[in-house]
Participant: 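What follows is a single structure, and I will ask about it in a moment.
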Number of protein chains: 2
Amino acid sequence: MSEQQQEQRPDLPLDVFAAFCPSREVFAELADKWSLLILASLHRLGEQRFSELQRSVSGVSRKMLTQSVRTLERDGLVLRTVHPEVPPRVVYGLLPLGRGLAERVVTIGDWVEANSPAVIAARAGFDEGRGTACEVA
Amino acid sequence: MSEQQQEQRPDLPLDVFAAFCPSREVFAELADKWSLLILASLHRLGEQRFSELQRSVSGVSRKMLTQSVRTLERDGLVLRTVHPEVPPRVVYGLLPLGRGLAERVVTIGDWVEANSPAVIAARAGFDEGRGTACEVA
DNA sequence: CTGCCCTGGTAACCAATAGAGACTTGGTCT
DNA sequence: AGACCAAGTCTCTATTGGTTACCAGGGCAG
């Protein structure tokens, strides 16, 4: 009882750069491939069931999908709704909290799609330089 | 010779959600804790040498810092400058390409710092619900 | 002159984690 | 009866992250 909401001390600045800070833990949990792609996919396509999500985030294994989506649910970003039918139907959707994050995540997805040619070109240059240097030596 | 910039076929839409797409590879490489924190830190604090970066991104090991920063350099996001002094001084800074991404990354860092209390509260609620259910059963 | 310090790494080793694939549950369709 | 969904879960292996020890090579204290 008694909402034990720890009124976060303003003297503890919640800094993602601090290893010990709770916000770092949150950041570390979210900053992975699958979590970000799931958020972005839910943002783009809206509510999806498990298998739809697995298709839309192509390449994710059932295990990792379950795990990531569980974490997102636990963190209050995603709502998991079980329709007790047969066969079972489980639908995942963004909660308001998750939507705020997802909006920012999609900007990163967009950046990557827009700039991956440049990145790949840079890689080619880097590897070529390295390679040449090695060959010459 | 002949800038081999592959004019990316508009029929290959560069989709981060596609497992096979090059942009997915780029995304997967960048979407990790350390890479994102390094980009954000370089954006916030500007150029930093290796040890400064290790301090500002607290918790990162030398190995992971080296590895991540090498990848970012290879991808054309970060510039690594070696000053051949003694003791050696190596400075890392954002390139224009990296700056564009870093700007978006910091918005995620800001979101996490602003919303981690809500996330942590959601977790508490989730775990409590689970816990109670288990206890009751 | 000897030896220890400094930075920016690298190599080796070990624990944790991601991925691949079989198994589960239970109702329905053939 | 047997196969077949969906949404997981379990197990086993490959990869990865983290920790420690070590290196170069000049400065400088003794």
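These numbers come from the heavy atoms of this one structure, side chains and all, not from hydrogens, waters or symmetry mates. Protein chains get the first letters and strands the later ones, always in sequence-line order, with residue 1 at the start of each.
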Participant: Side chains of D32(B) and S35(B): do they bring a donor and an acceptor to under 3.5 Å?
Facilitator: yes

Participant: Starting from P on dG9(C), measure out to CG on L53(B) and report it in whole angstrom.
Facilitator: 11 Å

Participant: Start with the C-alpha gap between E29(A) and T71(A), add the side-chain angles, then the distance that decides, and say whether side chain to side chain donor-acceptor pair (under 3.5 Å) holds.
Facilitator: CA-CA 8 Å; E29(A) 190 176 85; T71(A) 302; 5.3 Å; no

Participant: Under a 4.5 Å cut-off applied to non-hydrogen side-chain atoms, are V57(B) and W34(B) in contact?
Facilitator: yes

Participant: Quick check: on DNA chain C, is the nucleotide nearest K63(B) upstream (toward 5') of the one nearest R49(B), or the reverse? Name the residue that is more 5'.
Facilitator: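 With R49(B) and K63(B) compared, the 5'-side residue is R49(B).
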
Participant: Between atom CD in E29(B) and atom C1' in dA18(C), what is the gap in whole Å?
Facilitator: 17 Å

Participant: Within the structure shown, what part of the strands sits under 4.0 Å from Q67(A) by heavy-atom distance: base, sugar-phosphate, or nothing?
Facilitator: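 Q67(A): backbone/sugar contact only, no base atoms under 4.0 Å.
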
Participant: I want to confirm an ordering. Mapping V86(A) and S61(A) to their closest nucleotides on DNA chain C, which one lands closer to the 5' end?
Facilitator: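 The residue whose closest nucleotide sits nearer the 5' end is S61(A).
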
Participant: Round to a whole Å and report the spacing from CD of E73(B) to P of dG9(C).
Facilitator: 9 Å

Participant: Answer yes or no: is there a donor N or O on one side and an acceptor on the other, between the side chain of R104(A) and the main chain of I108(B), under 3.5 Å?
Facilitator: no

Participant: Take atom CD of Q54(A) and atom C1' of dG19(C), then tell me their distance rounded to the nearest Å.
Facilitator: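 Rounded to whole Å, this separation is 12 Å.
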
Participant: Which one, dG19(C), dG9(C), dT7(C), comes nearest to the side chain of M64(A)?
Facilitator: dG19(C)

Participant: Roughly how many Å is it from NE2 in H83(B) to C1' in dC6(C), rounded to a whole number?
Facilitator: 17 Å

Participant: Distance check needed: dT7(C) P versus L65(B) CG, whole Å only.
Facilitator: 14 Å

Participant: Please answer whether the main-chain N or O of F17(B) pairs with a side-chain N or O of R24(B) as donor and acceptor at a distance below 3.5 Å.
Facilitator: yes

Participant: Has S116(A) got a side-chain atom pairing as donor or acceptor with V119(A)'s backbone, closer than 3.5 angstrom?
Facilitator: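 Such a contact is absent between S116(A) side chain and V119(A) backbone.
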
Participant: Mind checking whether L42(B) and V82(B) sit in one hydrophobic cluster, side chains of I, L, V, M, F, W, Y counted as touching below 4.5 Å?
Facilitator: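 Yes, because L42(B) and V82(B) connect within a single hydrophobic cluster, where side-chain heavy atoms sit under 4.5 Å apart.
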
Participant: Identify the 5'-most and 3'-most nucleotides of DNA chain D with at least one atom closer than 4.0 Å to a non-hydrogen atom of chain B.
Facilitator: dG17(D) to dG27(D)

Participant: When we call it a touch if two heavy atoms are under 4.0 Å apart, what does S51(A) touch: a base, just sugar-phosphate, or nothing?
Facilitator: sugar-phosphate

Participant: Can you tell me if the side-chain N/O atoms of R62(A) get under 4.0 Å from OP1 or OP2 in dG21(C)?
Facilitator: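 Negative; the distance criterion is not met.
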
Participant: Please determine whether a side-chain nitrogen or oxygen atom of W34(A) lies at a distance below 4.0 Å from atom OP1 or OP2 of dA18(C).
Facilitator: no

Participant: Rounded to the nearest angstrom, tell me the gap between atom CZ in R55(B) and atom C1' in dT7(C).
Facilitator: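 From R55(B) CZ to dT7(C) C1': 11 Å.
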
Participant: If the cut-off is 4.0 Å, is K33(A) near the phosphate of dT17(C), judged by side-chain N/O to OP1 or OP2?
Facilitator: no

